[in-house]
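Since the structure comes first, as structure tokens, the remarks are kept for the end.
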There are 2 protein chains.
Amino acid sequence: MFRISSKSKSLSSSAVLLTEWEAAIIDLFLNAAQSVGLPKSLGQIYGLLFCRDESLSMNDIMELLNISKGSASQGLRALRQLGAVNSVFARNDRKERFVAEIRLRKLVSGFLKEQGEPHLEKGLARLDNLRNLLDDEGDFKSAKRGRRRERILTGWHRQMSRLLPWVKMIVGKSDRLHRKSSD
Amino acid sequence: MFRISSKSKSLSSSAVLLTEWEAAIIDLFLNAAQSVGLPKSLGQIYGLLFCRDESLSMNDIMELLNISKGSASQGLRALRQLGAVNSVFARNDRKERFVAEIRLRKLVSGFLKEQGEPHLEKGLARLDNLRNLLDDEGDFKSAKRGRRRERILTGWHRQMSRLLPWVKMIVGKSDRLHRKSSD
DNA sequence: ATTAAGGTTCAAGTTTTTTTGAACAACTTG
DNA sequence: CAAGTTGTTCAAAAAAACTTGAACCTTAAT
């Protein structure tokens with residue numbers, strides 16, 4: 001809440017406080033992260049950045065959230081990977097600083113790209129493998145049953161593949177209605 | 001370890017074998033389960049039932065998958081809850097027997113109902129709580145920033161709420177194209 | 001070249017989740 | 001009602017996931 005700053009624009013040593021509402025939002029994202037299968041610390045970090053107008057350095061994040069260097073580093077990497085944070089470099093400051101991506105469309109499509117698409121890929125490979133096993137199946141009845149199952153799975157795979165673009169599209173809709181400027 | 005069976009139609013003692021392709025499908029579902037944040041054993045159990053034409057008893061499942069009674073019991077309960085398995089009772093057999101629900105539409109909507117909707121509910125409560133905290137925030141600037149965030153989150157919440165029905169609808173589409181009879 | 005700051009890695013420690021199995025409840029049957 | 005099934009519960013064990021922090025890069029300033 002207070003911020004005794006010296007030369008650095010970073011929060012330094014003291015000023016390691018979150019307002020109550022910030023803590024609530026961070027906790028909200030912490031839970032959201034868990035519910036979509038991401039580590040808690042990702043949620044916390046994102047939540048913190050989401051709350052702030054100014055960009056924060058990795059150190060700021062460690063101090064405000066009381067997490068270790070390792071968590072902060074790995075968490076930020078994952079968030080970058082997901083497209084959930086962007087880094088900015090202030091001139092003549094060596095530190096990398098971070099801001100949250102707040103366009104839902106971007107968040108969702110980043111998430112789907114990193115978490116959804118790889119699974120669909122892997123699924124395709126598994127289906128191929130399954131077909132091979134079925135070609136080797138000696139028992140005719142069993143092979144027939146297996147092929148029925150293979151067809152079902154292939155159909156599911158196609159449906160899920162079709163779904164993703166729609167999700168991005170639907171979420172993208174009206175994302176911008178709630179924002180003044182954008183992109 | 002051996003069980004001298006008798007009248008029961010259940011697989012008994014021997015016949016505790018999966019074909020290679022069945023094992024592959026079970027493993028596929030095991031991974032799929034993990035990737036959507038469900039316990040592995042749920043995936044395995046569902047996968048096994050998915051492979052079989054005949055219904056299986058809890059005992060069959062324990063033996064074929066080598067899992068404990070507890071896992072089987074809890075896993076089946078969760079799958080029923082998700083609408084991913086249905087139980088059938090053979091006449092004059094006391095055992096409950098299970099079959100997999102293979103309509104993707106049902107699977108997806110069950111999953112969303114159990115996993116998605118509760119989170120949206122909780123989110124609503126959290127947003128309420130956030131508003132209360134913001135009303136108590138003393139610092140005017142901070143409160144203003146907080147309200148901007150609250151509006152963003154409220155918008156996201158609305159969008160996600162809108163998304164679910166579409167997902168069910170899109171997945172439901174053409175589900176039946178890949179099946180001879182249905183519902 | 002040396003020192004220091006900013007960041008990354010990863011083995012080890014911690015926490016959380018999942019699985020197990022023995023005890024127990026509910027029912028049937030002889 | 002004693003004995004045998006079937007299935008549930010839950011505390012403890014095992015496994016998986018997450019976090020930590022010290023060692024280690026890399027780059028910048030002296």
Side-chain angles (χ1 to χ4, degrees), chain A residues 6-13 26 29-31 33-46 48 55-81 85 87-98 115, chain B residues 1 3-13 26 29-31 33-46 48 55-81 85 87-98 115:
Chain A
S6 30
K7 53 184 178 183
S8 161
K9 282 192 310 193
S10 288
L11 318 173
S12 37
S13 46
I26 289 167
F29 278 108
L30 182 158
N31 282 115
Q34 285 207 300
S35 83
V36 297
L38 299 173
K40 294 189 309 185
S41 63
L42 287 208
Q44 293 179 260
I45 296 170
Y46 180 84
L48 172 58
S55 62
L56 299 180
S57 70
M58 198 170 100
N59 241 287
D60 298 337
I61 292 169
M62 290 167 53
E63 292 179 358
L64 286 162
L65 297 176
N66 285 292
I67 62 178
S68 69
K69 226 174 178 210
S71 278
S73 173
Q74 294 180 176
L76 284 166
R77 164 164 41 168
L79 287 169
R80 232 175 339 205
Q81 176 90 346
V85 309
S87 44
V88 316
F89 288 90
R91 62 272 98 183
N92 73 30
D93 186 350
R94 192 136 66 85
K95 281 199 284 301
E96 191 173 8
R97 303 170 76 71
F98 303 89
Q115 312 283 305
Chain B
M1 260 300 179
R3 162 157 334 168
I4 298 126
S5 98
S6 25
K7 56 200 180 171
S8 163
K9 283 190 309 190
S10 288
L11 318 172
S12 36
S13 52
I26 289 166
F29 279 108
L30 183 157
N31 281 117
Q34 284 207 300
S35 84
V36 298
L38 299 173
K40 293 190 308 183
S41 62
L42 287 207
Q44 296 184 102
I45 296 170
Y46 180 85
L48 172 59
S55 62
L56 299 180
S57 70
M58 200 171 99
N59 242 286
D60 298 338
I61 292 169
M62 288 168 54
E63 291 179 359
L64 286 162
L65 297 176
N66 285 291
I67 62 178
S68 69
K69 226 175 175 206
S71 278
S73 174
Q74 293 180 178
L76 284 166
R77 164 163 40 171
L79 287 170
R80 233 176 337 208
Q81 176 90 347
V85 309
S87 43
V88 318
F89 288 90
R91 61 273 98 178
N92 73 31
D93 185 349
R94 190 137 63 86
K95 282 198 284 300
E96 191 172 8
R97 304 170 76 71
F98 303 88
Q115 311 283 304

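Rounded to the nearest 0.5 angstrom, B:S73 OG and B:I61 CD1 are separated by 10.5 Å. To the nearest 0.5 Å, atoms CD1 (A:I67) and CG (A:L48) are separated by 9.0 Å. Rounding to the nearest 0.5 angstrom, the gap separating the CG atom in A:L56 from the NZ atom in A:K95 is 11.5 Å. Rounding to the nearest 0.5 angstrom, the gap separating the CG atom in B:L65 from the CG atom in B:L30 is 9.5 Å. Here the OG atom belonging to B:S68 is positioned 7.0 Å from the CE atom belonging to B:M62, to the nearest 0.5 angstrom. A:L76 contributes atom CG, which lies 4.5 Å from atom CD1 of A:I45 (distance to the nearest 0.5 angstrom).
For B:S55, the side chain to side chain donor-acceptor pair (under 3.5 Å) criterion is met by B:R97, not counting sequence neighbours. Partners of A:N59 under the side chain to side chain donor-acceptor pair (under 3.5 Å) rule, at least two apart in sequence or in another chain, do not exist in this structure. Listed by chain and residue number, A:E96 satisfy the side chain to side chain donor-acceptor pair (under 3.5 Å) test with A:S87 (two or more places apart in sequence, or in another chain). In terms of the ring pair (Phe, Tyr, Trp, His ring centres under 6.0 Å) criterion, B:F98 has no residue partners (sequence neighbours excluded).
Between the C1' atom of D:dA22 and the CE atom of A:M62 lies a distance of 13 Å, rounded to the nearest Å. Atoms CD (A:E63) and P (D:dT20) sit 14 Å apart, rounded to a whole Å. Across the protein-nucleic acid pair, B:R97 atom CZ and D:dT6 atom P stand 10 Å apart, rounded to whole Å. Here the P atom of nucleotide D:dA15 and the CG atom of B:L30 are 15 Å apart, to the nearest Å. One interatomic measurement links the two molecules: NZ of B:K95 to C1' of D:dG7, which rounds to 12 Å at whole-angstrom precision.
With DNA chain C read from its 5' end, the first of the two nearest nucleotides for A:F98 and B:A72 is the one closest to A:F98. Along DNA chain D, the nucleotide closest to A:G70 and the one closest to B:E96 are compared, and the more 5′ of them pairs with B:E96.
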Dump the pairs, protein N or O against N or O of nucleotides 16-19 of chain D, anything under 3.5 Å, distances to one decimal.
unit_1: D:dT19; atom_1: OP1; unit_2: A:S41; atom_2: N; d: 3.4
unit_1: D:dT19; atom_1: OP2; unit_2: A:S41; atom_2: OG; d: 2.9

Set out, line by line, the N/O atom pairs under 3.5 Å between protein and nucleotides 23-25 of chain D.
none

What N/O pairs connect the protein and nucleotides 26-29 of chain D at under 3.5 Å? Give each pair on its own line.
none

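Smallest separation of non-hydrogen atoms from B:L79 and B:L42: CD1-O, 3.8 Å.
Proximity of A:L38 to A:Q115: side-chain heavy atoms (C-beta onward) are separated by under 4.5 Å at one or more points.
With A:D93 contributing its side chain and A:A90 its backbone, the two residues share no donor-acceptor pair below 3.5 Å.
The outermost nucleotides of DNA chain C lying under 4.0 Å from heavy atoms of chain A, listed 5' to 3', are C:dA5 to C:dC10.
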